[in-house]
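Every number for a ligand or one of its atoms is a count from 1 in the order of the listing.
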Amino acid sequence: MIIDAVSVFPEMFEPVMSTSILGRARRAGLFEFHAHDLRDWTHDRHRTVDDEPYGGGQGMLMKVEPLAEAIEAIAAEGPRPHVVFFTPCGSPFCQATAERLATYERILLVCGRYEGMDERAYAFADERISIGDYVLTGGELPAMVVADAVIRLLPGALGDEMSNRDESFSTEDDGGLLEYAQYTRPAVFRDMAVPDILLSGDHAKVDAYRRADAIERTCRWRPDLIDAASLTPEERDRARTLIERYHGRQTSETE
Ligand code: ADE
């Protein structure tokens, strides 16, 4: 896979893209990463990428011409990229989106700054992504969040292929539940003991315990996921009881 990013702060990416699992996957050739400086597509002495909004208003906007020229020039270098813009007005990012993005041969991550972009720049977007309902100072951190979620899905990126499966939000296998609690040594820390079943060596019991724990945690922390989770009728009854216990009567928050 090829991942390109265009930004006025291209230097933000290198430490993330060369560290830990992403760095190892990159050195192994699982993906190529190139950060491009948007100012390379300006034509004035000050390398201007922003300007005042027509009609007035707070702050500055990213100009359309450098963005358009950058996207066209980067696209002309190789396979046509799937172009993603980052904005709080985008579709909420989730694991299913990461899984879809991981299937493209090439993605181009376009990072805004300032108060936003000239709306005409979005004509060059295949999609717009938000990483949550809060406002950051730019699209670079969202682009790295998305790149991380995508790269770890590339075959071979994680040492153990299975660890992509039974995790919270994975759309494979877990039935849409949060992940069960996990423990490592020591068996007792201060007054906190690892549940006995996990020390029993009985794999069927361990699996049943973990399934029940995943349901319990989801009911407690993310009751909004329960409706879409795949549960047996008995599990759904249990989930209803747990949601009642943790959240009392159904409120708009738990519905
Ligand atoms: N740019 C600024 N805030 C953002 C957010 N929450 N998601 C994506 N891009 C952004």
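A 4.5 Å side-chain heavy-atom check between Thr48 and Thr42 finds every atom pair outside the cut-off. The shortest side-chain heavy-atom distance between Trp41 and Glu72 does not fall under the 4.5 Å cut-off.
When only non-hydrogen protein atoms are considered, atom 6 (N) of ligand 1 lies nearest to Tyr134 O, 2.8 Å. In this structure, atom 3 (N) of ligand 1 lies nearest to the protein heavy atom Leu136 N, 3.0 Å. Of the protein's non-hydrogen atoms, Thr87 N, 3.1 Å is the one closest to atom 9 (N) of ligand 1. Looking only at protein heavy atoms, the nearest one to atom 7 (N) of ligand 1 is Ile131 N, 3.0 Å.
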Checklist entry - For Glu119 and Arg128, what are the C-alpha separation, side-chain angles and deciding distance, and is it a salt bridge (charged side-chain N to carboxylate O under 4.0 Å, His left out)? => result CA-CA 12 Å; Glu119 189 64 23; Arg128 310 177 195 198; 3.5 Å; yes

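In terms of polar-atom proximity, defined here as any N/O pair under 3.5 Å, Val135 makes no such contact with ligand 1. Residue Gly132 places at least one N or O, backbone or side chain, under 3.5 Å from an N or O of ligand 1. Annotation: Thr137 places no N or O atom under 3.5 Å from an N or O atom of ligand 1; distance criterion only.
For Ala121 against Leu67, the heavy-atom pair with the smallest separation is CB-CD1, 3.8 Å. Shown here for Arg236 and Ile226, the closest heavy-atom pair between the two residues is NH1-O, 3.3 Å.
Looking at Pro142 against ligand 1, only its side chain comes within 4.0 Å, counting heavy atoms.
Using modelled atom types, no side-chain atom of Arg39 and backbone atom of Val8 make a donor-acceptor pair closer than 3.5 Å.
When each atom of ligand 1 is checked for a heavy atom of Ile129 under 4.0 Å away, the hits are 8 (C).
Residue Gly112 places no heavy atom under 4.0 Å from ligand 1. Residue Gly90 places no heavy atom under 4.0 Å from ligand 1.
Of the N and O atoms on the side chains of His43 and Glu69, at least one donor lies less than 3.5 Å from an acceptor on the other residue.
A cation-pi arrangement is not found for Arg26 relative to Phe33, the charged atom failing to lie both closer than 6.0 Å to the ring centre and inside a 45° cone about the ring normal.
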